[in-house]
Structure formats: structure tokens, C-alpha cells
Protein chains: 2
Amino acid sequence: GPIAEYLYTAKIYFVLVSMGIGAGLVAASLDLSVEWLSDIKFGYCSDGWYLTREMCCRLDEEGQRCGFREWSTALSFLPLIGSATSFLAFLAYALLALAFGVTAAYLVKRFAPHAAGSGVPEIKTVLSGVVIRGYLSSWAFIIKVIGLAFSVASGLNLGKEGPFVHLVSVLANMVATSFDDFRDNFNLMMEFVCVGTAAGVSVAFNAPIGGVLFAFEEAASYFPNRVLWRSFFASALAELTLTLMNPFFNGKAVMFEVNHSLEWFWFEMIPFFFTGALGGILGSIFIHYNVKWSKLRIHDPFLRRSPIIEVAGIVLVTVMLQYPIPFLRLTNTEILATLFSECNESGTLGEGGESLMCDSTRIDKLFFVLFYAVGAKLLLTILTFGARLPAGLFIPSMTIGACAGRIIGTITKMVAAAHPDWAIFSQCRSASVCVRPSIYALVGASSTLAGVTQVSVSLVVIMFELTGGLSHLLPTMFGILAAKMVCTLSGLEGIYDMHINIKRYPFLDSKHHVSHEVPARVIMRPPRVVIPEMGATLGHLQQLLHDYQYYGFPIVRREHDMILTGNIVRKELKAGIEKALRDPRVSYETMVSFKGEFDITDKDYIQRISANNEILLNFAGFRDRYLSQVSPETPLSDVYDCFSALGLRMCFVTRHGELLGLISKKDAIAYCDATGDIPRKFFR
Amino acid sequence: GPIAEYLYTAKIYFVLVSMGIGAGLVAASLDLSVEWLSDIKFGYCSDGWYLTREMCCRLDEEGQRCGFREWSTALSFLPLIGSATSFLAFLAYALLALAFGVTAAYLVKRFAPHAAGSGVPEIKTVLSGVVIRGYLSSWAFIIKVIGLAFSVASGLNLGKEGPFVHLVSVLANMVATSFDDFRDNFNLMMEFVCVGTAAGVSVAFNAPIGGVLFAFEEAASYFPNRVLWRSFFASALAELTLTLMNPFFNGKAVMFEVNHSLEWFWFEMIPFFFTGALGGILGSIFIHYNVKWSKLRIHDPFLRRSPIIEVAGIVLVTVMLQYPIPFLRLTNTEILATLFSECNESGTLGEGGESLMCDSTRIDKLFFVLFYAVGAKLLLTILTFGARLPAGLFIPSMTIGACAGRIIGTITKMVAAAHPDWAIFSQCRSASVCVRPSIYALVGASSTLAGVTQVSVSLVVIMFELTGGLSHLLPTMFGILAAKMVCTLSGLEGIYDMHINIKRYPFLDSKHHVSHEVPARVIMRPPRVVIPEMGATLGHLQQLLHDYQYYGFPIVRREHDMILTGNIVRKELKAGIEKALRDPRVSYETMVSFKGEFDITDKDYIQRISANNEILLNFAGFRDRYLSQVSPETPLSDVYDCFSALGLRMCFVTRHGELLGLISKKDAIAYCDATGDIPRKFFR
């Protein structure tokens, strides 16, 4: 009735609202903990140890005096000479970074291995209909939140944005499973997980629309229309909650405010294109070596057994490579903010960055730092992504790309300044500023991320929600197009798909280009076990369940004619047997029938066969309602469509009603992986 | 091979690029013609009759003198007194408006009836897999472009945005059909039409992302992942082309530049909510009466036969109702720009609007004009949408909503100014400006449009791409949520779905809530005609094609056992017969077999039966590769999924291989329409 319908809608909105608010709260508290933990590596607040550097310096009315004391200052009471105190500060930094990294890795190893990584490959797999046990547990959630704070604060080249996808998905799952009727509705649960993915990205980047598009473009295999509004609703609520908590304390709706009137000229499309292509190359290099390293991590016995030592090693390498360059001591977010800012408006650039970026007399130093940053961060991100602590790769890849883009931008600027008479720069003559390297940093950041993840549209949207400006939409798009071309040539899949392959998750990629020419019979298996429609005993069925671990069992009219009449899923068969055994009249010798209507009444369920007073159980109601049959000549691509579009897990091959074989989703995936029939799918 | 693959990709991009550039060019030239035609109603440019008012006033260096001469001035040589000249100006305006409207209606009636309306209901139907003959023809395109210029310029309450969807879709179809291998690929063609829809909305609103989302949310039944990038690519190119043509001559990326720092306070969420609810109410009123009027248009013999007289009548009513109020002589776009602007920054408001909106001493006049505008425009839009000339409803509904929103905003502002001591307004005290009616206009515009079209997410995105500001994202969302609630209570479907129903298009709505409890056998029809696998003659098949207009014919093993072995589509059967008759050895007596592999060689195609030198044709290769079978007990909802997710048009009901009946997509739609099983689907 209508009341039940309203109640149902109300419950759905309850889940969406709790999830949205929850996501905002988690994001805000995580942001705050990360900030405090990151600051403590450099010093502490003398007005209260629990204050972050920013809060500490805010307490003051004039905003001049700042209660934050660096370790080198705090330790100045020790009788040490100058260089020793700065070494002591380094030591405090390094030891705390190490402690944070090891803590994160320990928590993950000890309590919840599923909390490792970004979680995006797993979410993709889950959303394709595969259950990964424990992945959506509250335990994974708790460990991931705590572990993430530590791993981000350790200063490693990792981001908190990817893991947010996992966190909010678990949150969605936790809230939704509290309703009994939602828990049993597998498709609805998947939809909520999908909404969680969208809200996770949204809250991570302050990008509600980009998040929704990311869920559609990259994560979901099945995205019905209604999920669009639900995702958007939850994402906007999450964003609203986060804004109200205001963790950035800058009162802005965007992470990096880019000057809206940033102008560019048409001739710049050429360097934009190169920046995009460079982003694609960097992305491909990242994928290639990260996959190699990730495989080694699985196959090498030492690495496999010692995730904590591995993380400790990566932390040390990171500190060694990054600490010597003051610019690289900044967090990746700060580095991005610096690179996305223009020079002429001083004050907007982050500390340590301004003098470096804007001093045109020290251009050689700038180039050194940027080149060094690209190399070091590329290496470190390759090492870090996939390590067994919570770690995403959005922000690190963007940082690499932004540095590379800034290099190209600065070179273009120098060329344009040196040769104003060249015809190509004619547009520049009337303009006050000709080339703005910050736009190149934006283009570089998005195209490198596009190269790594092979996501495109949602990235463009995220980038412009991040920066709040529509004016650089075209350069960004153009850059991503160039990156797409490079990736097509490289022939690599996106990093998430690569990690799905490495971890051997049974993921059915709807983007697989499945041949029209291969018929279904090529991959079908002959039916190993069938249930006759009439005549099986309860004991026989129990034995079947015990002997075979199949997901479902085909039902045939008679075992010798093999005419397929139905299908029963393992879970349902088990439920049927359990229900039956609760009845005292039923024994293992009782016969079971699978004939008749799906909606059988309790009266029909147990039929008394009058002759010898035996009873007959009717299990017809436990059968699968939709029986997916294909003929042996059906092209594999159509079978695939059944699996991906209809969400089936099993398909029966019949000819003239006779069961010839079965195709499981897993078989289809295995065949596709084996034949390697993966086209250059990025440039679609 | 890889070269063929690259060639294929290149061809796809060729279509996308031509379509994108084409869309931009069409939009730019249409904008220019509409501007010129609209200006000619008021006067002409003395520096050159071909110049628009804006161009005419630009020619001057100081920007003061303007060569544009109003009709009243131009006619001042006539010996008339003052009031007569202004009457003459009115007469010129009215007659030209009438001429434009009648021209548009005549062109449509005479040359291309499919050019009428917005085309969105038809596109939705086409994208659900239904062919509407002539709808995607180049003839419809040409007439729609010309007719649209005239109908918009006539000053009727209609928009050019909806028709753009149709125009660019036809463009996509035209370019794509120029490749032979694309033309036969039905799914690919649908994807291109879908891309066209996205690019159409994009170019109409300067909103590339909103356009893509609109295509996904409202238009497409089938939206594979790859369409996302393609749509975005084409949309961005279209937008780029339009920007380069720069028809607005303001060099801005957005249609209505809204001040980015527009602030709002939390207490305003209450009036925002009311604004949204009012938008929902206005939308529901619009749908209710427009549907009544549209049905009358079909059933009333006079209206049905006289579309041109109807249009002429609407033009006259429009002129009568709008001309007396100077504010309403502005185009809807100008009215929107005025309503979306704030008062304190003078100069941004359009002519005729500024003094009205911002003079606080004449608030009674403001209210009169706004109330009058809501009423008049609501009535006029109800009359206009569905009339047989090219006409969209985006901009008119937004105008109605913006007026209503501005009313609520102004009232809120007055209350806040009168009672600054109320606790609810406490946030206001420190602010320089408390309530900004322009935000209410934005919220009202988007929620009314949401109420009319029942689209949500894409509207939010379009609104913020239109205005270029993220700051009013939350108010807009909140307003749309309120509108959604009202629409849920009203129980109406969106206007496009309503018009699909009125026009009786066989549209399968994926949002239909199909019962799990109805089994497939309820709606199946017994097979009226089957083809035996062996033994039919060519003449027999030819006769079948002639006697039955079915889309496809089932193939059975033997006519008396009815074991289903395949299916052949009408088109393929026809192709097979035609191919066969080209062979001199073949006669109408020749036997046809449907047995064997799909990929038969030419050698196997004609088999010589050695005994009496007769020949046997093998039509196996013409069969459908995927045979969709369901059992009679399959729930209707699963059958629906097959139609919508797999894009099938026909489904066979079998038991134990025996064909019991057929379900066509049309049957399923008819059943669903008849049982009225449409839930309150908007508030999903």
C-alpha cells in the first residue's frame, strides 16, 4: 500500500541522510587529526598541546604572535650548537614519521588487512556483484580511519581521498544493513555502496558532482538512474556537513581557489597538449612500475611476510629524499596549492613556495626543485601505492603532474618572454600577462591523474570543483585528451583494473570487448550435477550441498532427458532444507518436488501422498524466478551482457530445452583474462 | 586487426568532431538570426539593415551614438501625433510577431511535421529503441532550424533549448549514417543520438557537463560508460565552437554571470524551501493544464486541422498580455538575467528592469509586475508548449519560477528589514546585505523547471554552469528537493513522459515499477506463425513476410512439436530472400533450412541435394544470434529488465524447449500502461 511505500522511501532517505552526515563528520575529524599529527612532526603549540599549528596561531588577536614552537626552538635549552638543533629537529621529524607509518601498518596487519590500500579496486569488484568477505565490515572501517590518519600524517606520498571511497561505502553498508528488508536486497545494497563511493569522493575533494560522476564512470558496473539522485543527495549532505565543521578554516567552498579570470590564449593549446601527453607518459610509467613492484610484493617471500618492515623502509626513503628540499617538506596539498597559484598575486602562495616559484632570478633553482620533485615523488608513489597501509593515489599523482606541468608552463613563459616577436605569440602583445604557469600545473595534475586512473570526465569535473573555475575547462579537457592518446598507445589498463588483476578478484569488466565470434558453447562446462524435478530425497539434496560447492544447481525434468526446468541457488536450497527439517513429519527419506508455481501456499508446501501416508515436499517456491537460457551458438558478447546488465551469476546453455552446459560468471571472466581480449579501451 | 581498430576509432571521432563543430555553428547562427529577427520587431539599424541592435550600437567608437532606430522614430516623418506613433510601433511589433509565428507554423505544417515541439519526448522514445520514421531526417533538421528562428523571434513563451536536443541529434544521425558500417549498427547509432542529446543541451545552455548529465538522467534508456566520454567530448567541442563564434559578444563563458560571493544565511533555508515548493506547485499546475490542452489539441477537430490558426491566436494573446508591461517586452533570457542580478550593483540589470527591481519606493509596482508575469507567462506557456511549431520549455518555465522566486525573496527581504530584532535574523546583523532576492530567483527558476521536467541532478549542474557560481549549489539543491516532494504528492509524471503518453509512443520506461508477482505467461501471446527449421520454401517465407507485419519470426524444430530453435528478424529474412532470388538457380520452390552454424560460408549457403539435383538454401546465418527465452513463470520485472537492459524487442516464453508464446516490447508497454502500475517515481 501507499503507507508501506512511504515508509520504504523514508527508510532509504534515513540511510542517505545518516550516511551523508556521517561521511562529513568522518572527513572533518580525519582532516583535523591529520593536521595535528602532521604539525607535531615539526613542533607543538605552547598554548595547548591539542591545538594544530593553524589554530594555535589563530588564538592571537593581532595574528602576529604564534604559540607554535618548532622542535628546534623547543629544544634550544639544550646546550647545542646551531646545526645540532636542526639535526635534532630532523630526527624528531623522521622518528615521528616512522612511528606514524609503522603504527598504520601494524594496525592494518594486526586487526584488519582489508583496511590496506585505497580500496577502489575492491569497491569496483564489489559493485560488479562479487562479495569480498569482511571488506565492508565495521572493523575495517575503524582501523582504516585510525590507520589513515597515521599514514597520511607520516608524510608518505599517499592521499586520503581514495580510502574515503572505502570508508563511506562501509558506512553506507553499516547503516543500510540495520534494516532487515534492505539487507536481503542485494541490488539495493549494491546501490547504497555505489552511493557511498560517490559520497566518499565528494567529501574527499569537496566535489559533489565530480564524486557522483566518478561513481558512474569508474566504480559502478550497474548504475540505475535512481542512484544518480541518491548519490547526489548524499554527496551534497556530506559536503554540507563538512562545510559546517569547516576544517580548513578558510571559509571557502573550494580546496584551491584559482583566480577565476585566468586567461589563456589559443596558441597555448600546443603546450597544453604536450603537458597532457607528458601526464599520460608519467601515468603510464607509474602504472608499469607500480604493477611490477606490487607483483613482487606478493611473490617475494620476505616482502609478503613483512609489511611493517616494508612500510618502515618506505618511510625512511621518503624522509631521506624529501626532507633536504624545504619545498618538499610541505604536504602534497600545500604543494598543489602553491603550484596552482599565480606569482603576481603574492600572498596566495604557500610558505616556502612563494620565493621559489616567483623569483625569476633563481629560475635554475626552480627547475632543479621541480625536476627533482617529479622524479622523487614518482619513485616514492610507485613504492607506496599498494603497501599494506591505508593509501590513495589521487593527490600524489596530481602533485607529480602539477610539478611537470609547472615546468612546461615556466619554459613556455620564458620562450614567450624571450621571443615576443614570434608570430605564434601575437595574441600576447596586448595582454599584461602572457603565459600563466599555474594553468599548466592544473592541466598537468589532471592529465597525470587521468593517465594513472584512466578516468576522464569525472576528473575534469573534480578539477573544476576543486578550483572553482570554469575558465580552464578547455585546457584541462585538451590535456586529458592528450593523456588518453598516450595511454591508448601504451596499451596499459588503469591502475585500479591492474590491481584487480594482481589480486585476482573475479571482476567482470563491462568494458571488456568480447568477441562476437566466439559462441557460448566454447566456454560452457558440462553439467556435473543436476537435480531431478521429481524424486530426489531430502538426504540426497543435503549430500549435494555437502559434496559440491556450486553457487546454484540446475533442475531437470528427468535425469536421462536433461530437459531444463529450473534452477535453485545454493542459499535457497539450504534454506529449504532447514525449513523442512524443522517439521517433525519430515525425514531425510522425504521426497522433494520442484514442480509448480513459484508462489506456493503453506498448504501446498507439504503434500500428503495418500496411498502410503508418505509426504512430499514442494520446493518450487525456492527456485530462481528467472532462468537464463542461451543456445550454444549465442555469441559470448551476449552472454556477457546478461552477466553485466542483468547482474546474473549463472547462465544455462540449452538446445531444444535440453541442458548442455553451464557458464558461470567466473568462467566468463577466466576466459576473457586468458584470451587477453582486452582492447585499447581507454580511448573509446 | 589493430589498423581496422584505429580506423574505426578515427571514424567515431570524425563523427564526434563534425557533430560538435556543427552544433556550435548551428547554435551560433541561430542565436544571431533570432537576435536580428527579435530586434526588427522594434526597429532597424540605419547603418545597415542586416545588423542587430547590439552590433549596430557597437559600430560606434564612443559607444554613445547608436544607429538603431525604433519604428516610432523611423515613422516620425508621417504627420501623426505622439500616441499614434507609439500605436504604430505596437502595430509593427504585433504584425511582425504574428508573421514570424505563422511562418514557423506554416513551415512545420507544410514541410516537416516532425519539426514541431521540443523533440525531447521523441528523443526519449527513440533512445528507448523505437524507430520514429522521418524524425531524424535532414528535412526535419532544416525546417526546425528555420522554424525555430522564427518561432523564438515571434516573442512567444518558448525556448530554443529543447529543440536543440532534436537538432543536434539529427546532426549526429546525419553524420554517422554517412558511414555504411555505422548505419547498420543500431546500438551505435543510438549512442550517437544520445551524444547528440548531450551536445544539444550543452550548446543550448553553455553547459557541457549539465548536458551530459541530462542525456543520462532524462533522455537515455541505455547509457553505456563509453557514451559518457564521447558526449563530453562532443559537448565541449560544441561549446568551444560557440565560444569562438562568440554570439553573445560579451566574452563570457556563462549566460548569466552571477556574483560569485553571493552569500546566504542558514535561516534562509526556510524561504528557500518555500520557493522550491512553490516551484513544484507551479510545475504541477503547468503539467496538469498543458496535458489537458494538448489532449484537446488532438481530439478537437478544429484545433487538429488548423495548427496555423491556433499559433496565430496564441501569438495575438501573447502580444496582448505582454506588450502593455514594458518589462515583459524583454525576451525571457533578458528577464532571467534581470531577475538573477542583484540591485546594489547597478548596471548589471537589463533595460526596463533596473528601475523596476531596485526602486524600493515603488515596491507595489514591482509586486504587481512580478505577480502578473507569473500568471501571464504560466498561462501562455501552457498554451504554447505542444503547439505545432518548434518550441521548448526550459527558459519559459525558468522565467515563471524566477519571477515567483523573486517575489518570495523580496518579501523575505522586507520582513528581515522590518524586524531585524527577530532571533531568526540574528545572523544578518553583522552582514551588509541580509537577503538577496536574486538567489531566490535562481532557486525558483531551477525548482520550477524541476517540477515541470522532473529532472533533478542535471538541472543543478546546468544552473551552476549557467551562472558560473558554486556558492548557491546548496540553496538550489534544497529547492529542488522541495519541488520533488510536491511533485511526489501531486502524483504527476514529468511533462516529457506525459507527452510521450499523449502521443502514444511505444516507450518503455525503465523507471516503471513492474510487479515481481505477475508471471510472464500473463502477457504472452500464443505464437501465430512459426517457421519450421527445415522444409519451408522461399515462396512460403515470402508469403509470411507479406501476410504478417511482425518484427520477428520464431523458428521451431517441427511445427507439431514447437521446440524453439531460433529467431529471425523481419529485416534479415527479407535480406535473405532478396539475396537468394539474385541466384538464377533459385526459385520460389526452393527449400530453405535454418539449421547449423551462424557463420556459414558461401559454399554452405547453397547446398545441392544430389539425388534430384535440387538445391537447398541455408539461412542459418540470418538468424538472431541471441535467443531470449524465459519460462512462463518468470516475473514480469525480469522480462522488463531484458527489454530495457539488453535492448531486446522480443522475448520467447518456452517450457522444456517448447515455444508457448511471445512477448513483444510493445505488449509489455501496453500491459504496463493498462495496469497503471506507475509508482510515485520522481521521489526515488
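What's counted below: heavy atoms across the whole structure, side chains too, no hydrogens, waters or symmetry copies. Within every chain, numbering begins at 1; the chains are lettered A, B, ... in the order of the sequence lines, protein sequences first and strands thereafter.
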Legend entry - Straight-line distance of Met269(A) CE to Leu240(B) CG, nearest 0.5 Å: 6.5 Å
Inset, instruction - Please report the C-alpha distance between Val457(A) and Phe233(B) in whole Å, then the side-chain angles of each, then the deciding distance to 0.1 Å, and finally whether the side-chain contact (heavy atoms from CB on, under 4.5 Å) criterion is met. - result: CA-CA 9 Å; Val457(A) 180; Phe233(B) 180 80; over 6 Å; no
Legend entry - Leu228(B) portion near chain A, given a 4.5 angstrom heavy-atom threshold: both
Inset, instruction - Please name all residues satisfying side chain to side chain donor-acceptor pair (under 3.5 Å) with Ser235(A), sequence neighbours left out, ordered by chain then number. - result: Ser202(A)
Legend entry - Derivation of the side-chain contact (heavy atoms from CB on, under 4.5 Å) call for Trp229(A) and Leu481(B): CA-CA 10 Å; Trp229(A) 167 256; Leu481(B) 194 67; 3.2 Å; yes
Inset, instruction - Could you look at Val556(B) and say if it's the side chain, the backbone, both or neither that has a heavy atom under 4.5 Å from chain A? - result: neither
Inset, instruction - Using the side-chain contact (heavy atoms from CB on, under 4.5 Å) rule, take Leu213(B) and Val212(A) through it: C-alpha gap first, then chi angles, then the decisive distance, then the call. - result: CA-CA 10 Å; Leu213(B) 276 174; Val212(A) 173; 5.7 Å; no
Inset, instruction - For Ser458(A), check side chain to side chain donor-acceptor pair (under 3.5 Å) against everything at least two apart and list the hits. - result: Glu217(A)
Legend entry - Spatial distance of atom OG1 (Thr565(A)) from atom CZ (Arg655(B)) [nearest 0.5 Å]: 9.5 Å
Inset, instruction - Could you tell me which of Leu237(B), Val460(B), Leu659(B) has the largest number of non-hydrogen atom pairs under 4.5 Å with chain A? - result: Val460(B)
Inset, instruction - Count the heavy atoms of every other residue, nucleotide or ligand shown that sit under 6.0 Å from CZ of Arg521(B), and state whether that count exceeds 12. - result: yes
Inset, instruction - Check whether Tyr8(A) gets within reach of chain B through its side chain, its backbone, both or neither, counting any heavy atom under 4.5 Å. - result: neither
Legend entry - Interface moiety of Pro632(B) toward chain A, non-hydrogen atoms closer than 4.5 Å: neither
